[in-house]
Amino acid sequence: MLLENLRKAIYQDLKEAALKAREEGLLEFEELPVFVLEKPREKAHGDLATNLAMVLARPAKSAPRKIAQIILDHFPAESNRVMRCEVAGPGFINLFLDPSWVYDVIPEVEEMDEHYGCSNIGQGEKVQIEFVSANPTGLLHMGNARGAALGDTLANVMAAAGFDVTREFYINDAGNQIEAFGRSLEARYLQLLGHNVPFPEDGYPGEDLIESMRGFISQVGDKYLKVAPQLRREILVKYALKEKLEQMKNDLASFGVYYDVWFSEQTLHDSGAIEEVLKELQESGYLYEKDGAIWFRSTLFGDEKDEVLVRSNGVPTYFAADIAYHKNKFQRGFDRVINIWGADHHGHVARLKGAMGALGYNPDRLQVIIMQPVRLFRGGEPVRMSKRSGEYITLRDLIDDVGKDAARYFFVNRSSDSHLDFDLDLAREQSSDNPVYYVQYAHARICSILKQAGEIPNSKEIDLTLLTDPTERALLEEIAELPREVGYAALHLEPHRLTHYVYNLANLFHGFYTNCHVLNAEAGLREARLALVNACRITLRNTLRLIGVSAPERM
RNA sequence: GCGCCCGUAGCUCAGAGGAUAGAGCGCUGGCCUCCGGAGCCAGGUGCGCAGGUUCGAUUCCUGCCGGGCGCACCA
């Protein structure tokens, strides 16, 4: 039986033992409190341990150790591979499994192959993950890159855990920044044609816009010189936006990130969706007029101040569009909607959730992951970047510099609410100091062994119980943990757990490798080890795939 | 000033209401007759401060200190 199922069964047995004891009048409690059954840190504390007796101490009004003994008296001994139980420490119940349980994992991994690690804890819940959604007025920066790695990995992880996942990119192709974009393009266009016009103060100074207009001119020349500015800007925006989006799509694709949906903000304006949602809020009494603008009472939902939805010039704000957008998400049937935002947008969370509440949706169905900023380091020094001047390192630069694998690994390796110091030198390094290489090396090493071995024996026809070395057991136990790791990462929205897991797995493999020979082990043991190593290969590969990192067979 | 996030080893970071808090880097010293040494093993100091809740707090709560980010009719 798979470790996960074993755990569930034992958890159930513990529950029933407590309930039975209550029936017999030995224990007193209203409802069984939540308790944990987990792998203890210390090997001496068994394979699994539970705090059940300790959390029962208060309701049962009794000493934890005493309760533990009562539970054990009602616990079905010798079932579910439990060999021995003991009361320990302040009242833990430690369970020791039949050591042979680990051998079940190899056939399991072989059979599930590329699906090993998957589970169904998501139960098909429809989840949408919106991430990156960068302004199409510029290039993808490090914040976008982190969001891309995080969002895509989270999507992979949740899909593997049995959620029905949709990846979406929201295109901010409307509003003020598009106006500024148009003025910037226009200025570049005119400047390139030799006209000495000033660049707008709120423009986008990046070199990329000049490039874009250079390309435009090579196609159409100066034919828009005399066109009315309003129309001219529209044409330039249309051209540049398309180009920018293509570029983003390409850059994200080279980063291994693909979307199911690219959603245009402009369509919300065009379709009347924004007007509609404004009306809805109006009718529920959440709006009021002040100074010629229309405001949303976001303070009702814990926001610090009310928020403008329609400016006095009649133009809806980004926030208004965002409300319509998120309503649209729910209308599309998503049970849950997850956004990944930079820390500079965290102030937006409460009011958007509030707006969802005002529209009658449970705000908890909207979850926002806030990412802290990225700092790049080179030569031990922070790399200076200025978005104002348009001089910054882009996702494309990063991929060209350190490669997709290292970049994705490094971004996912940190919890989203931790500031990320990205060491470019380390990411590029081809040594074991670089965790990406360390993990990939383990995979390549295994492939090399398997290649030399020729055939991989079917684990059902060999004696796996020959795998008794401590490094073999440790490796088996860690391989068995993948489904649980993936499930945990999905439920807690913590993809960074995966890089930690895969690093640890690689570490255990290297330890095994140093300690145990595979190819020149005696007959029988050799086959068992080949099967072990193959299961490890599958586990490494599957985990790396979730992170979006390649698993090379040679390096 | 108000709000959110963070404060764990020299550095970069994991972790977690429980039984002895971990990893990498750096430093020191070991390990190649043999499957890829891009590897393995050994060695150290630490939960910002002060209260509170709890049988038990580094983890939860409050205050303070320190850092980041927000607080536009921008997005």
Side-chain angles (χ1 to χ4, degrees), chain A residues 36 38 40-42 44-45 49 51 54-55 57-58 63-64 88-92 94 133-135 137 172 174-180 202 265 290-295 302-305 307-322 342-350 370-373 375 377 380 413-423 426 429-435 437-438 440-442 444-453 471 494 496-497 499-500 503-504 506-507 509-521 526 529-530 533 554-555:
Chain A
V36 293
E38 59 188 2
R41 244 191 339 253
E42 288 299 316
H45 297 147
N51 64 347
M54 290 186 286
V55 297
R58 180 195 292 273
F92 287 103
N94 293 340
S133 297
N135 275 334
T137 53
N172 300 136
N176 278 345
Q177 87 274 358
I178 288 295
E179 301 293 322
D202 60 348
E265 178 187 350
K290 192 182 86 182
D291 303 331
I294 295 176
W295 296 70
D303 202 3
E304 299 156 30
K305 53 183 269 302
E307 211 57 33
V308 171
L309 289 187
V310 183
R311 294 189 276 256
S312 51
N313 64 7
V315 178
T317 59
Y318 172 88
F319 181 43
D322 225 14
D344 53 341
H345 286 70
H346 74 257
H348 197 54
V349 176
I370 296 296
M371 301 180 296
Q372 298 302 317
R375 281 191 307 179
F377 281 78
N413 196 31
R414 295 277 177 260
S415 138
S416 56
D417 51 20
S418 161
H419 289 239
L420 194 152
D421 286 348
F422 194 118
D423 185 336
L426 178 62
E429 204 167 304
Q430 308 208 354
S431 79
S432 64
D433 289 352
N434 184 344
Y437 277 84
Y438 181 83
Q440 289 180 319
Y441 181 63
R445 222 179 197 185
I446 292 173
C447 290
S448 166
I449 294 171
L450 293 176
K451 200 172 163 194
Q452 290 170 65
T471 60
E494 291 179 349
H496 71 274
R497 297 186 67 94
T499 52
H500 294 267
Y503 186 90
N504 192 238
N507 179 249
F509 167 74
H510 288 308
F512 154 80
Y513 177 89
T514 305
N515 213 40
C516 302
H517 285 264
V518 179
L519 293 177
N520 43 15
R526 178 178 190 270
R529 284 181 175 164
L530 280 171
V533 150
R554 274 174 294 127
M555 306 174 60

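For the numbers below, each heavy atom of this structure counts, side chains included, while hydrogens, waters and symmetry mates do not. A, B, ... follow the sequence lines: proteins, then strands. Residue 1 opens every chain.
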- line: Pairing string of RNA chain B (Watson-Crick or G-U wobble, both atom distances under 3.5 Å; | = paired to other strand) is (((((((..((((....[...)))).(((((.......)))))....(((((..]....))))))))))))....
Non-hydrogen side-chain atoms of A/Gln372 and A/Leu420 separated by less than 4.5 Å: no
task: Considering only atom P, compute the distance from B/G36 to B/C31 and round it to an integer number of Å.
output: 23 Å
field: B/C31 OP1/OP2 closer than 4.0 Å to side-chain N/O of A/Asn515
entry: no
query: Among the nucleotides B/A75, B/G3, B/A19, which one has an atom lying closest to any side-chain atom of A/Glu304?
result: B/G3
query: Do any side-chain nitrogens or oxygens of A/Arg526 fall under 4.0 Å of OP1 or OP2 in B/C34?
result: no
- prompt: With respect to the phosphate group of B/G22, does any side-chain polar atom (N or O) of A/Tyr503 fall under 4.0 Å of OP1 or OP2?
  reply: no
- prompt: Within the pair A/Ser415 and B/A14, is there a side-chain N or O less than 4.0 Å away from OP1 or OP2?
  reply: yes
message: Measuring to OP1 and OP2 of B/G15, would you say a side-chain N or O of A/His496 lies under 4.0 angstrom away?
response: yes
field: A/Gln372 side-chain N/O to B/C4 phosphate OP1/OP2 under 4.0 Å
entry: no
- prompt: Would one find a side-chain N or O of A/Ser431 under 4.0 angstrom from OP1 or OP2 of B/A38?
  reply: no
- request: Could I get the full list of side-chain contact (heavy atoms from CB on, under 4.5 Å) partners for A/Asp421, not counting sequence neighbours?
  value: A/Arg375, A/Phe377
message: Below the 4.0 Å mark, does B/A38 have OP1 or OP2 next to a side-chain nitrogen or oxygen of A/Arg445?
response: no
task: Can you figure out which of B/C73, B/C35, B/C5 approaches the side chain of A/Asp291 most closely?
output: B/C73
